[in-house]
Structures are given as structure tokens and as C-alpha cells.
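Read through the structure below, which is laid out as C-alpha cells, and then see the notes.
Note that the structure is predicted; figures quoted are calculated from it, not measured. First listed ligand is number 1; within each ligand, the first listed atom is number 1. Position 1 is the first residue of the sequence; numbering continues from there.
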Amino acid sequence: MGLSHSSSYHSSHVRSVTESGPVIIEPYSTVYPRLDVLDMYNDEKYRPQFDLLVQSYQAMFDRPYEDMRSFYQIAGIHGLPYSAYDGVKGDHEYHNDTDWAQGRWGGYCHHGDVLFPPWHRPYMMLIESQLISEAKKIASQYPDNEKEKYVDAANQLRHPYWDWADLKAMNGVPEFFTSLEIELNTPKGKKNVTNPLKRYHLPVNLSYPLPDGQNPNDAPNYTLPSMDFNPYTPAGYPTVRHPNSKYEDQDNIMNQNFSVYVPTVFRPGFYQMFHIENFLHFSNHAVRGSNDTEMEDTNPGHPNPLVFVGYAHFASIETTHDGFHLVSGGLAGHLSYPDITGFDPLFFFHHCNVDRMFALWQGVWIPESVGINGTYTDVLYSKVNENTALTPFRKSTTDFWTSKDVRDVEKLGYTYPDLAKFKGQDPKNLQAYLLELYKPDPHYGRRFYVKLTIEAGKLVGPYSIRVFIDLPSANAETPVTSPHFAGFVAMWRNNAHTKVNSTTYVTGTVDITDCMEKLGIRMQKHDYVQDVNATTGEVKPTSIFDVNHDINIVPVLLDGKSVGPKDAGVTTIEAFSFEHDKVNQNFLVESTGEFYGTKKF
Ligand SMILES: [Cu+2]
């Protein structure tokens, strides 16, 4: 990539600790559910909460951006501007000039390790608690005849989630996230106000070194950035989703993406995930080692990376979550880039859903592991476990929240409607409910999957790896609406670990069952009985599946350009299947289940 990342970016000077003291996240005294945002919007009894939530987002946008409780500062914890939040530097503060080249991640967010799900939990609580405090202030301003209703709503307010794997998400992102204005009942009556759920305007320049011609100021000839750069957002410019050359959102493209990816990637991803019991497999997208087994100590001086057994066949919560980021952000959309994703308000509705999935998942808890990417406070390959400080989230002036602390969401003061419904019951009942909720089309007794193993860092992401069936000519121009398109694996990483002498793999799966059905393809050899139409006696045109020939892998960069599978890090694809509703836990162990072949690149 040949890019020097050592230049400083524009905004490193903006962090400062406010006079109001450190930001401490406290559990709420009463438990209320985090609602489905569609219920909050559509159900009259929750609508006051929605009115307050939206106004509270605006209020956080309006706080001085130097304030640690402002939207800017909180959104900036995740990635850029790679500077200390609230003075939290850890024992190994990140320095851009030396650490970037090592491939260390400069935000606080954990990705690619077991702390991916728990780290985002106090993060959600931080923004949520700030919104609640704004909501309480706003509620007290309503006229007397409405005040009580709004004060109650503020007390019950928890951050809602958007379930983007629900069938309703096939229609795209709900309009209240995409309209420029929104009608609310405010303390001054019903009003159309600027909609803060659509976008956030950056108060400072935010970028990596700016490449020529990729400046939103150049609109209408804005050049979408190449893959090597995070998009540059000058002060005063908003976050965008699937922008065009005028730096305008293309919601139609985004929504069309959802119609394709909800059934092919998101639902199968969650369906798979709720079969998993092992936290390593459930929690994150990364696996280390050349053959999914024990690694030698490649980084002397740091804890030895632990034994990673195979990641089995199923998608982790992070893999499916990664897909959402690319589908909603598109090329040059903020959601697509880990460094700047937190600035799009949709991020928090998405991560609330991820937190919900984490709360609903009933497997075993966090084992000790390794943080392969490092963070703003942790060096590469730090040992991580349930007692690791989830920086920069303070639970007191001296202590940080840990994963152990945040395990039980009710103790934090919230729950989710479906979690509450199954409270006290056998966890198997909840699992059965979830498998039903996210079940892919149940018409087919057997599900077929393609599993991809991808070497991370081969290519600077984000990019996607599309899977087509029986279309050897498939390329980057082949539309994802083609009947041959089965799904994709998202590579949501942006730093190549060029200097680190070890390899990290990402595994992802694509459910190809629906696609095979559409194309009339069967994997079972000589399946004559099923190939004959029982009524007409007509022999259906079926073909025998050949993994080597019939699975076509097309990596596509966000700018629409294609690279070969090998250049994108794809090392192996495998096809396998299992019977619907009869998933044996043994299947989840590597080398079980029905295999149909392997192709190596
Ligand atoms: Cu995320």
C-alpha cells in the first residue's frame, strides 16, 4: 500500500478533560427494556420516549465538542481521532508515529478478540446514560398537561435497538433514520425538526492524510476515496451513507442492499450464531494460526497467543455485525470504516442490536485470550480476559468496568423484551425461540454453506468477498441481484499487520441454500427421486455440484473494483451442509458435518 501513516491528523488537539470531572458510568436504579425502535416509533404508548430520544441526540450534538459528554467525544472513542478520552491512557498509550506502523489499533474499541461483545456494552451505556440525562431535562420543559407523561417516558427511556436481521429490514433502513426532517412532539408543540438520526456534522476536520481529489469540498466532483484511506470529513460536513460524487446519501442503493443481505447474510448469520456454545467461536471474527491450531510464540515479550481450536463452521456475532457496517455505509460512508463509524448515529442503534444478541446468547462465558489488534491503551497481543479493564469506561474514579461486571444486564438497569419474556426459564427455550425468529427459509430440510478462510491484512479493508454459484464468469460488475449471488463475507479491517510476524485469519460462512434452490442445483449425487416432479413426472433440470468449479469467489473493494481471491487473502473455501433443526453440537467441531469438497487458492 506504500502509505505513510505517520503524519498527524487535524484533530488530535481537541481532547481535554472537562471541569466537571471524570465521566463515570453508573447502573440505572430501575430495570427497563431497551425497545425495538420500530415499536418505540409506532406504538403510541412509547412515542413520547421516541420524541425525547431524538431531541436528546440533538442536545448531545449541540454540547461543546470539547466536552467529554458531547456526541463528538463519545463517538470518537471508537476509532479516530486516536487520542486520550477523558485522560485515559492506560499503561501503554498509543502513539501514532510508532504504533500505527506496527499494525496496532489506535481507537479504544476491541475488535477481533473476545472482548468485542462486552467492550461495546459500557460503550452503549455511556451514550445511553448521557441521552437519558438530556431526556430528563427536556421532559421537564413540557407544558403541565403533558409533563407527567414525558417525565415518566424519560425515566423509562433506554436506548432502542434496530433489528436489521428482522424480515422487516428487507425494506431497508426505516425512514426516521434517513429523512432530513422529522416530526416530533416537543415542549413547544408538534414541530418538524432537523433529524439527528440521519447524520452528524463534524465539528473539526477528521481524516488521515488527505489524498488529492478526495475532499468533500470538491463536490459535485467529489472522488470517493480509494481503499487506502478513511474518508476525509472536513469540519462542518456531515456523515454520509453510500455517498455519490455530490457527497449526497444514496438511500436507494443502501436500501436495495438490505433487501439482498438480510436474507442471504444477516438472518443466516444470526441463525448460525445461536447454535454456538463456545465463546471463542461466538464472540469474534478472528482466528490465529495457519491451520486453526496452536501458534508458536511469534511476538516475544508478549503473552503467548493461546490455543485457538478451529472456528467451526458458523458465523460469529462479529462477522455478521461486520456485514452490517459495509451494507449500511457503502463506499466512503462513515459506517463502513472502523475509525469513523461511531460518528453516524445509526451506529448506536446497530450496536444496541449487537448488545441484544450478546444478552440473548446463552453460551459459556469469556475465556482468557489474546487481543490481537491492540487498542489505544493495550499493546498488540495483550492478554485479555473477563477482568480486563474496558477502557475508557469508568465505573468509579479509580476503576474501569470489566466484562465480568457487565455480564448481567439487569444489574445494569436494562433488559430486552425477548430476554425479559424468557426470564427464569430453561435457556433452551430462549434458544429455540431465537432459532425460530432468525430461521432462514424453512422450506428446505437441509442447509448448505460455503465457509471461507481469509488471511487478514493481505489487503487493507474494508472489502467484501462475494460468493456466486454456478457462474464462472461472475465479476465485480455482476449485480448482487443476480440469482447466482448467494451472499458475502465482510472484511471490516483497515490495518495491514505488515510488520508483525504472524498471520490472522478471518472465517465467514455464506448460506447458499436459497441460491441453489433458485438455480435448481443439488449437491446430492444421483438424487433421482427428488429430481422428478411427483405430479408431472417431468425430470427437473438439475446438475451435480462441483465445489471447485461451481463456487465463484469475487472479492470487491468498496470502490467497486475487483481483485483476485488470492490477493484478497482467500485461502480456502469449503462446502458443507447439515439438516435443519437437527444441528448436533458435534457438528460445530471441526471436521464433522457433511462436506462436499474444498478449494484452495
Ligand atoms: Cu460495530
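- Using cut-offs of 30° and 60° for the angle between ring planes, the Tyr57 and Phe348 rings count as tilted.
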Can I get a per-line list of side-chain donor-acceptor pairs under 3.5 Å for residues 325-334, giving both atom names and the distance, sequence neighbours left out?
{"unit_1": "His325", "atom_1": "ND1", "unit_2": "Leu335", "atom_2": "O", "d": "2.9"}
{"unit_1": "His325", "atom_1": "ND1", "unit_2": "Thr341", "atom_2": "OG1", "d": "3.2"}
{"unit_1": "His325", "atom_1": "NE2", "unit_2": "His321", "atom_2": "NE2", "d": "3.0"}
{"unit_1": "His325", "atom_1": "NE2", "unit_2": "His350", "atom_2": "NE2", "d": "3.1"}
{"unit_1": "Ser328", "atom_1": "OG", "unit_2": "Phe324", "atom_2": "O", "d": "2.8"}
{"unit_1": "Ser328", "atom_1": "OG", "unit_2": "His325", "atom_2": "O", "d": "3.4"}
{"unit_1": "His334", "atom_1": "ND1", "unit_2": "Val240", "atom_2": "N", "d": "3.1"}
{"unit_1": "His334", "atom_1": "NE2", "unit_2": "Thr233", "atom_2": "OG1", "d": "2.8"}

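- Note on ring orientation: taking the six-membered ring where Trp is involved, the planes of His78 and His120 are tilted (angle from 30° to 60°).
- Around the Cu ion (ligand 1), the protein contributes the following N, O or S atoms under 2.8 Å, ordered by chain and number: His321 NE2, His325 NE2, His351 NE2.
- A salt bridge links Lys395 to Asp405: one of the charged nitrogens lies within less than 4.0 Å of a carboxylate oxygen.
- Under 4.0 Å is where a charged nitrogen must lie from a carboxylate oxygen, and between Arg34 and Glu128 at least one such pair does.
- Applying the 6.0 Å contact sphere to CD of Glu93 captures more than 12 heavy atoms from other residues, nucleotides or ligands.
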